[in-house]
Amino acid sequence: MKGIIDYFRSPRQTSAKVAKERLQVIVARERSSRSGPDYLPALHKELLEVIRKYVQVGDDAVQMNLESEGDCEVLEVNITLGDKQ
Amino acid sequence: MSRIVVITSGKGGVGKTTTSAAIATGLAQEGHKTAVVDFDVGLRNLDLIMGCERRVVYDFVNVINGDANLRQALIKDKRTENLYILPASQTRDKDALTQEGVQAVLDELSKEFDYIICDSPAGIERGALMAAYFADEAIVVTNPEVSSVRDSDRMLGILSSKTRRAEQGEDPLPAHLLITRYSADRVEKGEMLSVEDVQEILSIGMLGVIPESQAVLNASNAGMPVVLDKESDAGQAYRDAVARFLGEERPHRFITTQKKGIFGRLFRG
Ligand SMILES: Nc1ncnc2c1ncn2[C@@H]1O[C@H](COP(=O)(O)OP(=O)(O)OP(=O)(O)O)[C@@H](O)[C@H]1O
Ligand SMILES: [Mg+2]
(Lines give C-alpha, C1' and ligand atoms only; values in the text may rest on other atoms or scores of the structure.)
(Ligands and ions follow the chains in the order given, each with its own letter.)
Protein backbone atom coordinates (compact mmCIF):
# COMPACT_ATOMS: atom_id res chain seq x y z
CA MET A 1 0.00 0.00 0.00
CA LYS A 2 2.78 2.33 0.93
CA GLY A 3 4.16 1.89 -2.59
CA ILE A 4 1.05 3.36 -4.14
CA ILE A 5 1.08 6.30 -1.81
CA ASP A 6 4.75 6.91 -2.53
CA TYR A 7 3.98 6.76 -6.23
CA PHE A 8 1.49 9.57 -5.92
CA ARG A 9 3.66 11.60 -3.63
CA SER A 10 7.17 11.12 -4.92
CA PRO A 11 7.26 13.47 -7.94
CA ARG A 12 6.73 16.39 -5.61
CA GLN A 13 9.85 17.89 -4.10
CA THR A 14 8.65 18.49 -0.54
CA SER A 15 9.56 21.68 1.27
CA ALA A 16 11.30 19.64 3.97
CA LYS A 17 13.62 18.17 1.32
CA VAL A 18 14.44 21.63 0.03
CA ALA A 19 15.13 22.76 3.59
CA LYS A 20 17.47 19.86 4.19
CA GLU A 21 19.43 20.42 1.01
CA ARG A 22 19.83 24.10 1.72
CA LEU A 23 20.97 23.36 5.25
CA GLN A 24 23.55 20.85 4.10
CA VAL A 25 25.10 23.47 1.84
CA ILE A 26 25.08 26.31 4.38
CA VAL A 27 26.36 24.19 7.22
CA ALA A 28 29.17 22.68 5.15
CA ARG A 29 30.24 26.11 4.02
CA GLU A 30 30.14 27.60 7.51
CA ARG A 31 32.02 24.71 9.01
CA SER A 32 34.86 24.93 6.55
CA SER A 33 35.20 28.68 7.02
CA ARG A 34 35.13 28.18 10.79
CA SER A 35 37.90 25.67 10.82
CA GLY A 36 39.99 27.35 8.15
CA PRO A 37 42.37 30.30 8.37
CA ASP A 38 40.94 33.82 8.82
CA TYR A 39 41.70 34.90 5.26
CA LEU A 40 39.37 32.33 3.64
CA PRO A 41 36.25 34.53 3.46
CA ALA A 42 38.27 37.36 1.88
CA LEU A 43 39.91 34.98 -0.57
CA HIS A 44 36.49 33.62 -1.48
CA LYS A 45 35.13 37.09 -2.11
CA GLU A 46 38.07 38.16 -4.27
CA LEU A 47 37.99 34.99 -6.33
CA LEU A 48 34.35 35.63 -7.05
CA GLU A 49 35.14 39.19 -8.14
CA VAL A 50 37.89 38.00 -10.49
CA ILE A 51 35.63 35.42 -12.10
CA ARG A 52 32.90 37.99 -12.55
CA LYS A 53 35.23 40.08 -14.73
CA TYR A 54 34.84 37.34 -17.32
CA VAL A 55 31.67 35.38 -16.59
CA GLN A 56 28.42 36.34 -14.94
CA VAL A 57 28.02 33.91 -12.01
CA GLY A 58 25.90 33.68 -8.87
CA ASP A 59 27.08 33.97 -5.27
CA ASP A 60 27.41 30.23 -4.88
CA ALA A 61 29.61 29.76 -7.96
CA VAL A 62 32.77 29.39 -5.89
CA GLN A 63 32.85 26.54 -3.39
CA MET A 64 35.93 26.15 -1.27
CA ASN A 65 36.86 23.23 0.87
CA LEU A 66 39.91 23.02 3.08
CA GLU A 67 41.19 19.59 3.89
CA SER A 68 44.27 18.30 5.56
CA GLU A 69 45.92 15.13 4.39
CA GLY A 70 48.69 14.13 6.73
CA ASP A 71 50.74 17.27 7.30
CA CYS A 72 49.65 18.77 4.01
CA GLU A 73 46.74 21.20 3.65
CA VAL A 74 44.74 21.17 0.44
CA LEU A 75 42.37 23.95 -0.55
CA GLU A 76 39.91 22.60 -3.05
CA VAL A 77 38.21 25.29 -5.12
CA ASN A 78 35.25 24.43 -7.28
CA ILE A 79 34.00 27.00 -9.73
CA THR A 80 30.68 26.44 -11.39
CA LEU A 81 30.05 28.55 -14.46
CA GLY A 82 26.44 27.53 -14.88
CA ASP A 83 24.52 25.97 -17.74
CA LYS A 84 26.08 25.69 -21.18
CA GLN A 85 24.15 27.88 -23.55
CA MET B 1 30.73 15.72 41.89
CA SER B 2 28.86 18.66 40.49
CA ARG B 3 28.04 19.08 36.80
CA ILE B 4 27.35 22.34 35.01
CA VAL B 5 24.96 21.94 32.08
CA VAL B 6 24.19 24.76 29.64
CA ILE B 7 20.88 24.86 27.76
CA THR B 8 21.66 26.76 24.59
CA SER B 9 20.55 27.26 20.98
CA GLY B 10 21.77 30.36 19.22
CA LYS B 11 18.35 31.20 17.86
CA GLY B 12 15.80 32.84 20.16
CA GLY B 13 12.43 31.52 21.20
CA VAL B 14 13.11 27.86 20.48
CA GLY B 15 12.37 26.56 23.97
CA LYS B 16 15.53 26.98 26.08
CA THR B 17 13.77 28.34 29.15
CA THR B 18 10.96 25.79 28.89
CA THR B 19 13.65 23.10 28.66
CA SER B 20 15.76 24.47 31.51
CA ALA B 21 12.76 24.45 33.81
CA ALA B 22 11.71 20.96 32.74
CA ILE B 23 15.15 19.34 32.93
CA ALA B 24 16.01 20.98 36.25
CA THR B 25 12.69 19.89 37.76
CA GLY B 26 13.11 16.38 36.37
CA LEU B 27 16.61 16.01 37.80
CA ALA B 28 15.45 17.26 41.19
CA GLN B 29 12.56 14.79 41.13
CA GLU B 30 15.09 12.03 40.61
CA GLY B 31 16.70 13.09 43.86
CA HIS B 32 19.57 15.20 42.53
CA LYS B 33 20.11 18.50 44.23
CA THR B 34 19.70 20.95 41.37
CA ALA B 35 20.06 24.70 40.83
CA VAL B 36 18.72 26.37 37.70
CA VAL B 37 20.34 29.69 36.83
CA ASP B 38 18.84 32.35 34.56
CA PHE B 39 21.60 33.94 32.43
CA ASP B 40 19.15 36.04 30.42
CA VAL B 41 20.10 39.38 31.95
CA GLY B 42 17.50 42.05 31.29
CA LEU B 43 14.71 39.70 30.29
CA ARG B 44 14.24 37.28 33.19
CA ASN B 45 11.78 34.62 32.14
CA LEU B 46 12.78 31.57 34.11
CA ASP B 47 11.13 32.72 37.35
CA LEU B 48 7.85 33.12 35.44
CA ILE B 49 8.06 29.63 33.97
CA MET B 50 8.94 28.22 37.39
CA GLY B 51 6.11 30.23 38.99
CA CYS B 52 8.29 31.93 41.61
CA GLU B 53 8.34 35.48 40.23
CA ARG B 54 6.79 36.98 43.34
CA ARG B 55 9.48 35.53 45.54
CA VAL B 56 12.41 37.16 43.76
CA VAL B 57 14.28 39.42 46.15
CA TYR B 58 17.88 39.28 45.02
CA ASP B 59 19.28 38.10 41.72
CA PHE B 60 22.41 36.74 40.01
CA VAL B 61 23.95 40.20 39.49
CA ASN B 62 23.30 41.18 43.13
CA VAL B 63 25.33 38.15 44.16
CA ILE B 64 28.15 38.96 41.72
CA ASN B 65 28.27 42.54 42.98
CA GLY B 66 28.25 41.45 46.61
CA ASP B 67 24.90 43.11 47.39
CA ALA B 68 23.56 39.77 48.57
CA ASN B 69 24.97 36.35 49.25
CA LEU B 70 24.02 33.29 47.30
CA ARG B 71 21.86 31.89 50.07
CA GLN B 72 19.72 35.05 50.04
CA ALA B 73 19.28 35.01 46.29
CA LEU B 74 18.49 31.32 45.76
CA ILE B 75 14.76 30.59 45.72
CA LYS B 76 13.71 27.20 47.02
CA ASP B 77 11.08 25.68 44.78
CA LYS B 78 7.78 25.09 46.55
CA ARG B 79 6.63 22.09 44.53
CA THR B 80 9.78 20.11 44.02
CA GLU B 81 12.21 18.99 46.67
CA ASN B 82 15.96 19.53 45.93
CA LEU B 83 15.29 22.36 43.47
CA TYR B 84 16.53 25.96 43.66
CA ILE B 85 16.28 28.89 41.25
CA LEU B 86 18.75 31.74 40.80
CA PRO B 87 16.88 34.49 38.94
CA ALA B 88 18.43 36.83 36.38
CA SER B 89 18.79 40.49 36.99
CA GLN B 90 16.60 42.96 35.18
CA THR B 91 19.40 45.45 34.78
CA ARG B 92 19.94 46.84 31.29
CA ASP B 93 23.68 46.52 31.75
CA LYS B 94 24.63 43.60 29.50
CA ASP B 95 28.15 43.56 30.95
CA ALA B 96 26.89 42.87 34.47
CA LEU B 97 27.89 39.22 34.19
CA THR B 98 31.66 39.29 34.42
CA GLN B 99 33.61 36.12 33.82
CA GLU B 100 35.15 36.25 37.31
CA GLY B 101 31.74 36.92 38.86
CA VAL B 102 30.08 34.04 37.04
CA GLN B 103 32.93 31.73 37.94
CA ALA B 104 32.71 32.66 41.63
CA VAL B 105 28.97 31.98 41.74
CA LEU B 106 29.27 28.68 39.84
CA ASP B 107 32.14 27.59 42.09
CA GLU B 108 30.04 28.24 45.16
CA LEU B 109 27.01 26.46 43.69
CA SER B 110 29.23 23.51 42.77
CA LYS B 111 30.02 22.89 46.43
CA GLU B 112 26.39 22.24 47.21
CA PHE B 113 24.59 21.06 44.07
CA ASP B 114 24.76 17.93 41.94
CA TYR B 115 23.56 19.73 38.81
CA ILE B 116 23.70 23.37 37.83
CA ILE B 117 21.47 24.09 34.83
CA CYS B 118 22.32 27.31 32.99
CA ASP B 119 19.48 28.82 30.95
CA SER B 120 21.28 30.68 28.16
CA PRO B 121 19.98 33.82 26.48
CA ALA B 122 19.53 33.77 22.70
CA GLY B 123 22.32 34.79 20.36
CA ILE B 124 25.99 33.99 20.15
CA GLU B 125 27.16 37.10 21.96
CA ARG B 126 28.49 37.71 25.41
CA GLY B 127 25.51 36.48 27.45
CA ALA B 128 25.31 33.17 25.63
CA LEU B 129 29.09 32.77 25.82
CA MET B 130 29.02 33.39 29.58
CA ALA B 131 26.32 30.76 30.08
CA ALA B 132 28.34 28.22 28.11
CA TYR B 133 31.86 29.08 29.15
CA PHE B 134 32.14 27.02 32.35
CA ALA B 135 29.86 24.17 31.25
CA ASP B 136 30.78 20.49 31.52
CA GLU B 137 28.00 19.47 29.18
CA ALA B 138 25.56 21.15 26.77
CA ILE B 139 22.00 20.57 25.66
CA VAL B 140 21.42 22.20 22.29
CA VAL B 141 17.74 23.05 21.79
CA THR B 142 16.74 23.03 18.13
CA ASN B 143 13.48 23.49 16.26
CA PRO B 144 13.11 21.50 13.02
CA GLU B 145 13.51 24.59 10.91
CA VAL B 146 16.33 25.98 8.75
CA SER B 147 17.48 28.98 10.79
CA SER B 148 17.32 27.14 14.10
CA VAL B 149 19.41 24.21 12.82
CA ARG B 150 21.93 26.57 11.27
CA ASP B 151 22.26 28.51 14.55
CA SER B 152 22.62 25.28 16.50
CA ASP B 153 25.51 24.32 14.27
CA ARG B 154 27.14 27.68 14.94
CA MET B 155 26.62 27.17 18.64
CA LEU B 156 28.29 23.76 18.40
CA GLY B 157 31.27 25.50 16.80
CA ILE B 158 31.40 27.93 19.72
CA LEU B 159 31.11 25.15 22.29
CA SER B 160 34.07 23.38 20.75
CA SER B 161 36.27 26.47 20.59
CA LYS B 162 35.21 29.20 23.02
CA THR B 163 34.52 27.35 26.27
CA ARG B 164 36.89 26.93 29.17
CA ARG B 165 37.36 23.27 28.35
CA ALA B 166 38.25 24.09 24.74
CA GLU B 167 40.62 26.87 25.74
CA GLN B 168 42.40 24.63 28.21
CA GLY B 169 42.75 21.92 25.58
CA GLU B 170 40.60 19.40 27.44
CA ASP B 171 38.22 17.02 25.69
CA PRO B 172 35.41 18.95 24.03
CA LEU B 173 32.32 19.12 26.18
CA PRO B 174 29.64 16.58 25.30
CA ALA B 175 26.69 18.16 23.49
CA HIS B 176 23.23 16.59 23.29
CA LEU B 177 20.55 17.43 20.78
CA LEU B 178 17.03 18.20 21.99
CA ILE B 179 14.55 18.81 19.19
CA THR B 180 11.52 20.77 20.37
CA ARG B 181 8.24 21.92 18.83
CA TYR B 182 8.22 18.82 16.64
CA SER B 183 5.13 18.03 14.65
CA ALA B 184 5.08 14.42 13.41
CA ASP B 185 2.08 15.25 11.28
CA ARG B 186 3.84 18.00 9.37
CA VAL B 187 6.96 15.87 9.00
CA GLU B 188 4.87 13.15 7.42
CA LYS B 189 3.41 15.66 4.96
CA GLY B 190 6.92 16.74 4.01
CA GLU B 191 6.45 20.18 5.51
CA MET B 192 8.95 19.88 8.33
CA LEU B 193 12.49 18.54 8.73
CA SER B 194 12.44 15.12 10.36
CA VAL B 195 14.38 13.97 13.43
CA GLU B 196 16.72 12.05 11.11
CA ASP B 197 17.30 15.11 8.91
CA VAL B 198 18.24 17.31 11.84
CA GLN B 199 20.41 14.67 13.44
CA GLU B 200 22.18 13.92 10.18
CA ILE B 201 23.09 17.58 9.74
CA LEU B 202 24.17 18.29 13.30
CA SER B 203 25.55 14.79 14.00
CA ILE B 204 25.42 14.85 17.78
CA GLY B 205 23.68 12.40 20.12
CA MET B 206 19.94 12.73 20.50
CA LEU B 207 18.63 13.44 23.98
CA GLY B 208 14.98 13.73 23.04
CA VAL B 209 12.22 15.03 20.84
CA ILE B 210 9.58 17.27 22.42
CA PRO B 211 6.39 17.58 20.40
CA GLU B 212 4.67 20.87 19.65
CA SER B 213 2.14 20.88 22.44
CA GLN B 214 -0.66 22.93 23.91
CA ALA B 215 0.51 21.66 27.29
CA VAL B 216 3.57 23.94 27.14
CA LEU B 217 1.46 27.08 26.93
CA ASN B 218 -0.89 25.80 29.63
CA ALA B 219 2.09 25.14 31.89
CA SER B 220 3.60 28.54 31.27
CA ASN B 221 0.23 30.18 31.95
CA ALA B 222 0.14 28.41 35.28
CA GLY B 223 3.81 29.01 36.12
CA MET B 224 4.54 25.33 36.39
CA PRO B 225 7.28 23.39 34.56
CA VAL B 226 5.58 21.24 31.90
CA VAL B 227 7.37 18.11 33.13
CA LEU B 228 5.02 18.15 36.13
CA ASP B 229 2.06 17.69 33.77
CA LYS B 230 2.42 13.94 33.69
CA GLU B 231 -0.52 13.33 31.39
CA SER B 232 0.78 15.58 28.65
CA ASP B 233 2.85 14.49 25.65
CA ALA B 234 5.44 17.24 26.19
CA GLY B 235 5.67 16.40 29.90
CA GLN B 236 6.31 12.75 29.16
CA ALA B 237 8.82 13.57 26.44
CA TYR B 238 10.78 15.77 28.88
CA ARG B 239 10.62 13.02 31.48
CA ASP B 240 12.13 10.59 28.96
CA ALA B 241 14.84 13.13 28.12
CA VAL B 242 15.77 13.45 31.79
CA ALA B 243 15.98 9.66 32.13
CA ARG B 244 18.24 9.48 29.06
CA PHE B 245 20.36 12.30 30.43
CA LEU B 246 20.87 10.16 33.53
CA GLY B 247 21.99 7.27 31.37
CA GLU B 248 18.81 5.25 30.93
CA GLU B 249 17.90 3.98 27.47
CA ARG B 250 14.39 4.83 26.39
CA PRO B 251 12.76 4.64 22.97
CA HIS B 252 11.75 7.95 21.39
CA ARG B 253 8.03 8.64 21.49
CA PHE B 254 5.83 11.21 19.71
CA ILE B 255 7.93 11.12 16.55
CA THR B 256 5.41 9.35 14.35
CA THR B 257 1.74 10.12 13.81
CA GLN B 258 -0.97 7.80 15.00
CA LYS B 259 -1.53 5.52 12.02
CA LYS B 260 -4.59 6.64 10.17
CA GLY B 261 -6.82 4.34 8.10
CA ILE B 262 -6.17 4.00 4.41
CA PHE B 263 -8.79 6.62 3.51
CA GLY B 264 -7.42 9.07 5.97
CA ARG B 265 -4.05 8.65 4.31
CA LEU B 266 -5.16 8.86 0.71
CA PHE B 267 -7.40 11.85 1.15
CA ARG B 268 -5.19 13.79 3.47
CA GLY B 269 -4.98 17.35 2.16
N1 LIG C 1 7.08 22.01 22.77
C2 LIG C 1 6.45 23.20 22.63
N3 LIG C 1 5.17 23.26 22.15
C4 LIG C 1 4.54 24.45 22.03
N5 LIG C 1 5.07 25.62 22.37
C6 LIG C 1 6.34 25.64 22.86
C7 LIG C 1 7.09 24.44 23.00
N8 LIG C 1 8.31 24.77 23.51
C9 LIG C 1 8.32 26.11 23.67
N10 LIG C 1 7.14 26.65 23.28
C11 LIG C 1 6.76 28.08 23.29
O12 LIG C 1 7.73 28.81 22.59
C13 LIG C 1 7.94 30.07 23.19
C14 LIG C 1 9.41 30.24 23.51
O15 LIG C 1 9.78 29.31 24.52
P16 LIG C 1 10.97 29.63 25.52
O17 LIG C 1 10.74 30.91 26.23
O18 LIG C 1 11.21 28.42 26.34
O19 LIG C 1 12.14 29.82 24.46
P20 LIG C 1 13.60 30.41 24.70
O21 LIG C 1 14.50 29.68 23.77
O22 LIG C 1 13.96 30.39 26.15
O23 LIG C 1 13.42 31.91 24.23
P24 LIG C 1 14.49 33.10 24.39
O25 LIG C 1 15.51 32.87 23.32
O26 LIG C 1 13.70 34.34 24.17
O27 LIG C 1 15.07 32.98 25.77
C28 LIG C 1 7.06 30.11 24.42
O29 LIG C 1 5.88 30.81 24.09
C30 LIG C 1 6.74 28.66 24.69
O31 LIG C 1 5.49 28.50 25.33
MG1 LIG D 1 14.65 31.96 27.45
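Keep in mind that this is a model prediction, so the values were computed, not measured. Order of the sequence lines sets the chain letters (A, B, ...), proteins ahead of strands, with each chain counted from 1.
In this structure, E231(B) places its CD atom where only 12 or fewer heavy-atom neighbours from other residues, nucleotides or ligands lie under 6.0 Å away. Around the CZ atom of R22(A), the shell of radius 6.0 Å holds no more than 12 heavy atoms that belong to other residues, nucleotides or ligands. Crowding of E125(B) atom CD: a count of heavy atoms from other residues, nucleotides or ligands under 6.0 Å not exceeding 12.
Chosen from A16(A), A19(A), A28(A), the residue pairing most often with chain B at heavy-atom distances under 4.5 Å is A16(A). Among R150(B), E145(B), E191(B), the residue making the largest number of heavy-atom pairs under 4.5 Å with chain A is R150(B). Among the candidates S161(B), G157(B), P144(B), the residue making the largest number of heavy-atom pairs closer than 4.5 Å to chain A is G157(B).
Exactly one of L193(B), V149(B), V198(B) qualifies for a side chain to side chain contact (heavy atoms under 4.5 Å, CB included) with K20(A). That residue is L193(B).
If you measure heavy-atom distances from R154(B) to chain A, the contacts under 4.5 Å come from both the backbone and the side chain.
In this structure, D153(B) and L23(A) have side chains that are not in contact, with every pair of non-hydrogen atoms separated by 4.5 Å or more. Between I26(A) and V146(B) there is a side-chain heavy-atom pair separated by less than 4.5 Å.
A distance of 8.0 Å separates OG in S15(A) from CZ in R186(B), rounded to the nearest 0.5 Å.
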